[in-house]
There are 2 protein chains.
Amino acid sequence: MPVKKRAMTIQDVAKAAGVSVSTVSRVLNGKVDVARDTQERILEVIAKLGYTSNLAARSMRSHRKNLIGLVVPDIMPYSIEILKGVNRAIAESKFDLLVYTTGDAQKNGAVLHEQHYVSLLSNSVTDGVIIVASATAEFIADAPIVAIDPHVINPNYPSVQGMNYHGALEVMEYLFGLGHRRIGFVKGREGNVSAQRRFQGYKDALEKAGIALDETIIIHGDFTQKTTYKNAHSLLASDNRPTAIFAANDQSAIGVYQAAEELGINVPNDLSVVGFDNISEAKYLGLTTVDQFLSEMGYIAVQMLIKFINDEPLDLEIHKMQTKLVVRTSCQRLLQPA
Amino acid sequence: MPVKKRAMTIQDVAKAAGVSVSTVSRVLNGKVDVARDTQERILEVIAKLGYTSNLAARSMRSHRKNLIGLVVPDIMPYSIEILKGVNRAIAESKFDLLVYTTGDAQKNGAVLHEQHYVSLLSNSVTDGVIIVASATAEFIADAPIVAIDPHVINPNYPSVQGMNYHGALEVMEYLFGLGHRRIGFVKGREGNVSAQRRFQGYKDALEKAGIALDETIIIHGDFTQKTTYKNAHSLLASDNRPTAIFAANDQSAIGVYQAAEELGINVPNDLSVVGFDNISEAKYLGLTTVDQFLSEMGYIAVQMLIKFINDEPLDLEIHKMQTKLVVRTSCQRLLQPA
DNA sequence: TCAATTGCCGATAACGTTACCGGCATTGAT
DNA sequence: ATCAATGCCGGTAACGTTATCGGCAATTGA
């Protein structure tokens, strides 16, 4: 029942149209050097045979593939937001999109893996690659690379970055404004530059406000809901519980929600919570968070990459994305200062 | 600043290792016919040079690419659920995944587009293709194809399908059990077989319960939130408003929520709402819906495809997926029958 | 000791496409 | 009328890889 038909080749088309493969190729690539009626005849044959050119063969010979590769660590809300923006920009361009997930990027081989996928795409089948949350500072690639939210200090490729430090300051100011003084923090993944910048903003804001850093209300996390849930549990259950928690990303904030709910702690009445990213779930949860316009980052990255591919100059090697505090219902003014 | 280094080829590796390209190729493909120490030497060189084989060239010559293509119409909650399951199965296999979005599939050229993308992937770069929500009954392809939730009657490829009719019956029984008699319906996209089956279940359940079909409480939709929102508005504002609405998918149900909220109609107190799909947002919204295990469908489709690729027999040409009603808080017992 | 087998490896031909070159007509310029 | 320019098209060589064949040396078997 299931069919495997042999696909047409350019040879089949040429034979059926009574011309050479060169001529068919010219038609396929919109070259001018071909008579009007032969062009039409060839196009007819192509339509009739249902011919589609072989991507692999084309990619190997030619250097224009009209294809952009996207390498994301995993299918998670964060990646999905970016993907939406990327998709939007792709739809407006003449390029198509190929998405590659590297799977479990937390493994040791993460760095190696990224290079592997980038090579796989850039050396062959795509005109350029966008890499999300890259942990590699230097890539070897035949094609241009643009990174979104790179997790290394000085990458050798252009990138779109969020203003993590600034966003964190915004959050802290907001919480201070509500009267909070004992503010806990859920850290992001170890070694992740964005996570470090958010943490730095947290610490600097405390210092500026004259509040001593309290290590006991800092929760270790890795950007996942599960880890935060596990690690937040004991702190929330203790007398030591802060009045507010700033989580390094929304998924961690959801982990805090989960732990709080299990302990009968009401958000926001008993505990204020702020996240980071503004993933689509945040809206439904009423989670106050920092929008770093992930979708927009994807959109801009595609535009940068296309310029790059066309050898046009980039305005900026590093595009800094604005952040914006989105106030919802997960925080409350502290009535009686602790 | 941005770098474009030339990628290594198998020739470079061969030269550096002092062997022929044939030998390098043998090592790359794990052939036995190579001496222990030369193999190690070559592997060292590969690691040192950071060589990755050219996908296009490899695909063209060989017929094993260890790559599976996934063609989805768009980045939307529905696709994302499927993608999660696909990704899980991929992670357990030796295959990698390449995702292709066809973009705006509602356009007229949709059918043509699907064939285009399938050809693009199957003729060349992948070992097999999974197509989601396909509107094409027959594909020409060099590689095996498996469909998820195909929207045509008799496709010439194996598929994983939801039990749409059965799921709709479950919903109706549940609403009847709560005392509802005037139940509205939001239709899915025109011509979509899954949507039609759900609608058929709705109609048959009504008939069996001895309730006449009321066309005035049937809302046209296309599976998107926006369209449903627009079309639901006038019905919900009128005296004619039903006591419950069954939406053909969750996104449509969200559209109903949106319209209701704007009109000050409380869900579930003034209006019960049920969806279909159980996308991740449904949990946060408290939306009662039919879980058709989209993620699981993706998982199974990959397994089917891999069997297919390996020329192993398939147990089933059509894998029917169970459905399960997930009761949340969007429905309420009707106290005073209308 | 000699033939047969085995282990290991290199040379060569494809895969389907496009870039490049060149060649035949036809047209235009002087 | 002659030569150059142009329009149109075919032939050939690459792109980087793997499949296939064949060949040399080393090992085995009788």
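What's counted below: heavy atoms across the whole structure, side chains too, no hydrogens, waters or symmetry copies.
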TODO: Mind checking Ser59(A) for me? I need base, sugar-phosphate or nothing, with any heavy atom below 4.0 Å counting as a touch.
DONE: nothing
Open item on the list: So, does Tyr51(A) get its side chain near the phosphate of dT17(C), meaning an N or O under 4.0 Å from OP1 or OP2?
Closed with: yes
Task: Phosphate-side-chain proximity, Ser22(A) and dG11(D), N/O vs OP1/OP2 below 4.0 Å - done: no
Task: Per Ile10(B) side chain, nearest of listed nucleotides dG16(D), dT17(D), dT18(C) - done: dT17(D)
- [ ] State whether Tyr299(A) and Arg88(A) meet the cation-pi test: NZ (Lys) or CZ (Arg) under 6.0 Å from the six-membered ring centroid, and within 45° of the perpendicular axis.
- [x] yes
TODO: Could you work out which one of dC9(D), dG10(C), dT17(D) sits closest to the side chain of Val19(B)?
DONE: dG10(C)
- [ ] Report the nucleotide, chosen from dC8(C), dC8(D), dG11(D), that has the shortest atom-to-atom distance to any side-chain atom of Ser20(A).
- [x] dG11(D)
Open item on the list: Which nucleotide wins on minimum distance to the side chain of Ser62(B), given the candidates dG10(C), dG16(D), dA19(D)?
Closed with: dA19(D)
Task: From dT17(C), dC9(C), dT17(D), nucleotide with atom closest to Asn54(A) side chain - done: dT17(C)
TODO: Could you tell me whether Glu81(A) and Lys84(A) make a salt bridge, using a distance below 4.0 angstrom between a side-chain N and a carboxylate O?
DONE: yes
- [ ] Please tell me which of the listed nucleotides, dG10(C), dG16(C), dT18(C), lies nearest to the side chain of Ser25(A)?
- [x] dT18(C)
Task: Distance below 4.0 Å between Lys31(A) side-chain N/O and dA19(C) OP1 or OP2 - done: yes
- [ ] Output the single nucleotide from dG10(C), dT17(C), dA19(D) whose closest atom is nearest the side chain of Arg26(B).
- [x] dG10(C)
TODO: Look at all strands and tell whether Lys65(B) reaches a base, only sugar-phosphate, or nothing, counting heavy atoms closer than 4.0 Å.
DONE: nothing
- [ ] Indicate yes or no: at least one non-hydrogen side-chain atom of Leu97(B) is less than 4.5 angstrom from one of Leu83(B).
- [x] yes
Open item on the list: Using heavy-atom distances to pick each residue's nearest nucleotide on DNA chain C, tell me which of Met60(B) and Thr38(B) is more 5'.
Closed with: Thr38(B)
